[in-house]
Amino acid sequence: MSIFCSGTMPSGIYCLNKGKVKIHIYGSIKEHIIRFVMPGHLFGLGTIFTNHFYCCATAIEDSTVCKINKEDFLSILNGYPNLSLELMTVLGQHVEYSNNKIISIAEKSVRERLAEGLLSVYNTFYDEFPVSNADISDKAITLSREDIANFINTSTESVIRTLSELKNEGYIIIKGRSIFLKNIKGLMKIAGINVESMTY
DNA sequence: GCATTAACATGCC
DNA sequence: GGCATGTTAATGC
């Protein structure tokens with residue numbers, strides 16, 4: 001269900017209380033997912049400065065969202081300078097995240113992007129890096145294959161094909177739609193990342 | 001409707 | 001030609 005979309009006028013910022021939201025843009029050919037939002041996080045923040053939506057936010061599972069009026073939010077920021085700093089930090093992280101994503105799309109193969117995407121999504125969903133020395137993560141990644149494809153900028157079929165490869169090679173376990181990360185270190189090696197350099 | 005698979009097409013080394 | 005990836009169609013859940 002759409003929460004907001006480009007072309008409309010923003011009147012506030014949003015906070016996700018429950019559920020899962022994707023931030024995405026419709027290109028001329030397909031949809032591109034910028035990032036996912038998990039409960040406790042704000043989204044639509046950029047509109048504070050740009051005054052327009054450059055992207056869409058859509059709930060991908062049952063979600064509850066609260067909206068903070070723009071004027072209210074700005075007056076809160078005025079009262080708490082540290083909050084402004086926090087806001088800039090978050091926005092800066094979003095820029096870094098997106099820039100890294102551009103590099104990945106430009107330089108990495110589907111296999112590399114999928115490994116990276118799974119680690120990144122895990123990180124977003126559970127607010128922590130998958131423990132690299134654990135045998136298997138008990139926390140599932142549950143997304144449609146299409147959303148995964150649009151997140152790592154490839155086709156649904158390539159996602160399925162490559163997930164199947166990673167499964168057969170013992171990197172992940174697939175149960176229905178759920179994906180469990182098994183060989184974290186291996187996935188990091190495929191993705192070409194390490195814990196220190198990973199941003200999210 | 002979504003996931004999966006296979007067959008085929010295309011572009012790149 | 002071989003490889004990676006995308007497209008299309010068929011099939012199953």
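Note on Arg145(A): a side-chain N or O is less than 4.0 Å away from OP1 or OP2 of dT4(B). The phosphate of dT5(C) (OP1 or OP2) has no side-chain N or O of Ser155(A) nearer than 4.0 angstrom. Close to dT5(B), at under 4.0 Å from its OP1 or OP2, lies no side-chain N or O of Arg161(A). The shortest distance between the side-chain N/O atoms of Thr154(A) and the OP1/OP2 oxygens of dG6(C) is below 4.0 Å.
In this entry the distance linking CG of Leu163(A) with P of dC2(B) reads 17 Å, nearest Å. In this entry the distance linking CG of Leu114(A) with C1' of dT5(C) reads 14 Å, nearest Å. In this structure, Ile160(A) places its CD1 atom 8 Å from P of dT5(B), rounding to the nearest Å. Rounded to whole Å, the distance from CD1 on Ile152(A) to P on dT5(C) is 10 Å. Computed from coordinates, the Ile190(A) CD1 to dA4(C) C1' distance equals 16 Å when rounded to whole Å. Between Glu157(A) atom CD and dA9(B) atom P there is a gap of 16 Å when expressed in whole angstrom units. Atom pair Lys175(A):NZ and dA3(B):P shows a separation of 19 Å (rounding to whole Å applied). One atom, CG of Asn153(A), and another, P of dT5(C), lie 13 Å apart when rounded to the nearest Å.
Side chains of Thr156(A) and Glu146(A): no donor on one and acceptor on the other come within 3.5 Å.
Inter-residue side-chain proximity for Phe125(A) and Met38(A) is flagged as met; some heavy-atom pair is nearer than 4.5 Å.
Other residues, nucleotides and ligands place more than 12 heavy atoms under 6.0 Å from the OH atom of Tyr26(A).
Not less than 2.5 angstrom separates the SG atom of Cys66(A) from that of Cys15(A).
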